[in-house]
Structure formats: C-alpha cells, structure tokens
Amino acid sequence: MPIVFNAERRAWALQSGGMTYGLAVDQAGRLRHSYFGSLLPRLEDLPRTSDPYLPLRDRFFPWEPPEGPTERYEYPPWGGMYYHEPCLKATFEDGVRDVRLIYETYSTKGDERIPELVVTVRDPHYPLRVHLHYRLFEELDLLERYAVIENAGRAPITLEQVLSAVWHLPSKHDYRLTHLAGRFAAETQVCREPVSVGKKVLESRRGNTSHHANPFFAVDPGNATEEGGTVWFGALAWSGNWKIVLEHDVWGVLQVSGGVNDFDFAWHLAGGESFETPTFVGGYTQEGFGGASRSLHRYARDHVLPREGSRPVLYNSWEATYFDINEEVQGELAEKAASLGVELFVVDDGWFGERNDDQRGLGDWWVNREKFPRGLGPLIERVHSLGMSFGLWVEPEMVNPDSDLYREHSDWVYHFPNRPRTESRNQLVLNLAMQEVQEHLFTVLDGLLVENDISFIKWDMNRPFSEPGWPQAPKERQRELWVRHVRGIYDILSRLRKKHPEVAFESCSSGGGRVDLGILRYTDQAWTSDNTDPFDRLRIQEGFSFVYPARTMMCWVADPGLWAKNRTAPLSYRFHSAMMGALGIGSDLLRWSAEEMQEAGRLVEQYKQIRDVVQEGDQYRLLSPREGETTAIQYVSRDRSRSVIFVFRNPHQFLDPAPSVYPKGLGERSLYRITGVDEPRSGGALMGHGIEIPLEGDLTSTIIELSETQRE
Ligand code: DGJ
C-alpha cells in the first residue's frame, strides 16, 4: 500500500519504490514531520516525531519552544514560539496574528497510479482550515505537495505568507546545496556550496521566474556524485515571484521551504474563499544528481507537459533578420529551411504594428501591412506548401508607450500614482491582475489563431516588473497582483489550448527567464537562452538538464561570432550542441554555402533518426562542461535498446588526447553495435572499459550511436 495510516500512532507513511515520507499527529494535535528518506518497509520503523533535545529543555534551555528547539511541523504556521521559516502567516480580522493548526481529518484519493493523501488541519478558534495535499509518484520517488487555505467563516483573513511546503531533512551538519543561478545569456549555471548555519534564500522578485535563479534545489550529505549517493531535491511549479529558503541551525535542523514569495505579498481571503498554492515537487534518490534529474525529467514528460511526443525541428528567423522582416525574405528563408528538412517555420518579433525596432508597437497585434501587404496568409500558405507548419512570436504581457494600445489604455500597466513608470527595453508591463486586460489578451490571441493557420506560438516576456502598483483595486487587494498575473497567464494559455488544441506554445523570457514546472504545464517547450554560442550553451544546457527534460530545451544552431567573438565552431559542433535538446536553426540561411546546406541537411536527417532517444530517453551527464576539456552527454531509450552519446572537445592544451567515455544505463549483457563499428560489444564491456574518442583539436565533436543487437 503506497499510503498507510496507523490509527493508534496517528501516523502516515507514503511509500514509493525507493522512498518513504512520514508524518504524524503529536499529543497536542499538531502535525509533525517524521521521516523523508530511503524506503522503510514497515510503518513501525518510522521514527517518533519528538524532539531529541526535549528531555534537556527544562534543565538547560527553558526559553526554547515547549515542544523543543527542533520541532518539525508539516506545515508550520507563525504562532506561539515558532521561530523557523513559517509556511503560513496570517492576520485575522480582529487583529490577531497568531495562527495555530491542529489535526482535523484526512482522506485518500487519486488512483492507483498517483495516490493522494489530503490531511486537513484547522485553527482551534478561527474558521481557518488548511488542506495539505500529497500526490505520490511511486515509480519516480517523487512527492507533489501543495496546500489549500480555506476561510470557512465570513470575516476576511489576510494571508501574508503562504508557502507550498517545507521539506525537513535528517539532522546533520555537513550538507551541501546544489542550485541554479544565472543571468541573461548565462542562465542555469550549476552552483554547489556547503550549507552553513543561517538562511540561504533562492528567489525571484521580478514578476517572472527569472534568469538569476531557478526554482530548484538539491541537497546531499557532501559526497553525492553524478551517478551515486543520496540526494534530496525539489522544484517549484511557479512562474512568478517565488522563494526557496534553506534554513540550517546549530541544533542540526535543515528545512527547505518554498512557494510564492511573501515579499510584497498579501492576499485578502474573503469568507468562503480558498487560496491554493503552487505545487512543490520533492524527491529522494540514492542515484546521485543524475538520478534526481532523470526522475524530474520523467515526471515532467509524463505528468507535467501538456502533450506527449517529440518536438519538431524548427527554424526561427530572429537572428537572421531581427526586426527587418517582410513576406519576401521570410518566404526565401522558408524555402531554404524546408530544403534542410525543417518541420516548423517561425516568424519572430517585428511582424506587427509599427514594430520596426524595439521602441514601439508592442500591444498592437495587427499585421504590419508594409511588411506583409496581403496579411500573413500568403506566407503561411507558402510555408505549408513547403511541407512545414507555421509559428509566430508574440509578447502579450507587454506594451510600448508608443503604441495604439497604450494611447488608449495607459491605465492598463502596473504603476503607482506620483511615480515614474520605469521603461525597460522601452516597454511597460500590462496589468494582468485586471480581468479586462486578460480578456483583451485572450481575444487578441484567439483572433490571431482563428484568422491564421498557426501551429505554434512563441510567448515572450522581455522585462521584469517595476512599480507594481494596481491603483484601481481596493487597497487590501493590490498586492495580489504578483499571483494574479501568473494565474492570468496560466489561464489565458489554458483557454487557448482548449480552444486550439493543435497549437503548441514555447515559453520565452529574454531567453530562459521563464523556465519552471509551472509554465511547462501550459507550454510544450522553453527557450533556453538567447546565447546561442554552442560552447557557452554546453554549460547553460547542462544546468537546464538538472531539472527539465531535453524535449523542452529549445536549442538553435546559430551563425558563428554572434555571441562569442572570434569563436568559430564548425557547423557540426554547432549542430551537435543544439541536437542535445529540441533542435532548431536560427542562422541566416540565405548566407549559407551549398556545402553548408548539404551538411546541415544530413545533420537534420541524423537528428530525426535519434530524436526520440534524445527527447524521450534517460539522460546521463557523463562528462561535465564545468569540469574538463571534454563534455559527454548520453541519452538512453527507455527500453535500453538505443543510446546516443554527444562528445565535445573544447579548447584544450598540451596535445592531451580526449579521455575515453564510459556510457551508462545499458543492459549489462545485451550486445550493442556502435554505428560504423562492426563488432558488437556487451553493455557491460562498454560501460566498464569505455569507448575511445578520436577527437583532435579545439571545438570538435562527434555523436556515438549505440543500438542493441542482442537482448540479455
Ligand atoms: C527575446 C527572445 O529571447 C529572442 O529569442 C527574440 O524573440 C527577441 N526577444 C525578440 O524581441
């Protein structure tokens, strides 16, 4: 049984293939965490929830909380002597700011595949209830958690902090944190550091997920490797202001709390209303960081993404033409793209309004008749006649002050009276907390999809929030905009998907500023980074792969020198780097030579042969671009019958030969043939002895394909 309840101990155990998660009600009726770690076969093995320091408290530290200094609450409210990071902080209408939560009831739901436990706790005096949801993914050793705060009375309650969950780790002092930090053109950089006493806050206050941090953490006892060792990890499904707080104290407590950022947040919960937090998925593995990522990848593919199946090869015109687009040139690019085997042709920024540069036009989503005198129809037809589907760029949440939309509705942007409206990339953020703005955007986007045969929308967002004012709303509701904006995007996307189920969406925010498990419920892929340099990309993509599967990682082949001056990687290297995710091409194809076109055509064809392994398989980071001159990333089909290894020789010195590459995840006794090599070898031999890599010179690369010839 995956969810077990012991009535006598009032304890629950959630059991997956390799993990147990335990919680229990204590004598005072509070819900306490008891265990998060390797599988405990019997509920009786769950540790008791009491604090080991409690027996000493009265004698030595009576000023610590009565339940002991290392109390581990499942969903701690701020109240009484609670000093760690709370999940819930609220003010009742009479001004009381002390919240207590005691156990009320529980239920189980869900199905065999994803069983769910819901535990309800309530305030003993005020009509406030919290429903704690636990959805268990047994095969993945993952647990989804979220909370629903219910105001069961009439008087409003002000919520000031409502996190999704807190994860408690066993008491220890030498933990290590892995997280993803970055900036524009350098997103998702892997950072690893000791967890020291104090608080470490990973967060966004920018309105989107942000380039600067990604809502993910992994904690290990300091000795986990890519392929082995214990790792606790988690990722938040939220695309707005978020925070993950690691709190470690000298008692040995390590708790990781996360959810919507409480910074500048307040929610007016009227009587009868509920507030649902985003999901915080957490997991446990003994298979190192690679094991954690593979669990998250399968989770995203099987349970998060809105659609099954591999992503098509795409061409995007942005880096070729920027704003200088018109029907003719786009048509010529489409001809070239089609001849390479591209399946989806995407027109980027510049097709609408007076959008000749980034100074104007955002908000005016009508086709620019100077660039497309006959509308988009003829180009779309041409693209279709070339055997490709058609995609279009939009940036719905934004407006340039120089636009018809802003001239008509200057009060539709976030702003404070008596304060400037700070422009960034010459644009302002539309107030999606306002229902009429949401309605307007839905109508505009729906209209585009109804009038044009569009299969793909790239949804961009090119600036963070500033002056987050919503003066039209009652004061007590104004700070809700952070959450309402994100919900508004989710809502528009889900309505569009419902009405136009054939249309796929890409999440973009000046590159990878909005990549998270929240937006990936509504979008099929994400733009990883504007930095398309294939060598820089190895590190950005490595970090991306800690959480998100290859299928969602959009990668373009770009022209050399665009990002890293004087770095001229061969076409094959540029392709190989981009072929590790969902392949796209962003180059100016009108400048490519016949030889380049031919080689590119062959590489697109090769990608199509292996894309199911890349996009649907398990990924192993064999050699990290952070650690040496050679990078190797492997993908293995779920049935282990096929595998592809991408190997890159990066700038190196002293004539050093490339190291051998040791594949993973193959059947030990199965025989595999390496493409181009006659003699098959057992999976065990390949994994044990490795494969020699004959790569010489900087920025060289190769793909090794393995296919099973005999099953073990
Ligand atoms: C930022 C995106 O990341 C780019 O790919 C491109 O779409 C530009 N915006 C267009 O303005």
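The figures here come from the full heavy-atom set of this structure, side chains too, leaving out hydrogens, waters and symmetry mates. Position 1 is the first residue of the sequence; numbering continues from there. Start at 1 and go down the list; that is how both ligands and their atoms are numbered.
In this structure, Lys458 has a heavy atom closer than 4.0 Å to ligand 1. Contact annotation: Arg425 has at least one heavy atom less than 4.0 Å from an atom of ligand 1.
Under 4.0 angstrom from ligand 1, there are no non-hydrogen atoms of Asp358. By the criterion of a heavy-atom distance under 4.0 Å, the side chain of Asp460, and not its backbone, is placed next to ligand 1. Of all the heavy atoms of Ser510, the ones lying under 4.0 Å from any atom of ligand 1 belong exclusively to the backbone.
Residue Trp318 places no N or O, backbone or side chain, under 3.5 Å from any N or O of ligand 1. Considering backbone and side-chain atoms alike, Trp393 places an N or O below 3.5 Å from some N or O of ligand 1. When only interatomic distances are considered, the shortest N/O to N/O separation between Phe323 and ligand 1 does not fall below 3.5 Å. Any N or O atom pair closer than 3.5 Å counts here, and Arg355 shares no such pair with ligand 1.
A salt bridge is absent between Arg311 and Glu506: the closest approach of a Lys/Arg side-chain nitrogen to an acidic carboxylate oxygen does not fall below 4.0 angstrom. Between Glu327 and Lys371 there is no salt bridge, since none of the side-chain N atoms of the basic residue sits less than 4.0 Å from a carboxylate O of the acidic one. Salt bridge Asp349/Arg355: present, at least one basic N to carboxylate O contact under 4.0 Å.
With respect to atom 11 (O) of ligand 1, the closest heavy atom belonging to the protein is Asp349 OD2, 2.6 Å. At the shortest separation from atom 3 (O) of ligand 1 among protein heavy atoms lies Asp530 OD1, 2.4 Å. At the top of the distance list for atom 7 (O) of ligand 1, counting protein heavy atoms only, stands Asp348 OD1, 2.7 Å.
Near Asn462, with a cut-off below 4.0 Å to any heavy atom, the atoms of ligand 1 are 1 (C), 9 (N). Heavy-atom proximity to Cys508, at under 4.0 Å, picks out these atoms of ligand 1: 2 (C), 3 (O). Listed by atom number, the atoms of ligand 1 under 4.0 Å from Trp527 heavy atoms are 3 (O), 5 (O). Of all atoms in ligand 1, listed by their number and element, those nearer than 4.0 Å to a heavy atom of Gly511 are 3 (O).
A donor-acceptor contact closer than 3.5 angstrom links the side chains of Glu187 and Ser529. The closest side-chain donor-acceptor pair between Glu319 and Ser587, if any, does not fall under 3.5 angstrom. Between the side chains of Thr422 and Glu467, at least one donor N or O lies within less than 3.5 Å of an accepting N or O. For the residue pair Asp402 / Asn400, no side-chain donor-acceptor distance below 3.5 Å is found, with atom types taken as modelled.
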Tell me, with the steps shown, if Gln525 and Arg551 meet side-chain hydrogen bond (donor to acceptor under 3.5 Å, both in side chains).
CA-CA 7 Å; Gln525 60 191 53; Arg551 196 214 288 174; over 6 Å; no
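Annotation for Asn462 and Gln427: closest pair CB-NE2, 3.6 Å, computed over non-hydrogen atoms.
Cation-pi geometry between Arg206 and Trp238 is not satisfied (NZ or CZ under 6.0 Å from the ring centre, within 45° of the ring normal).
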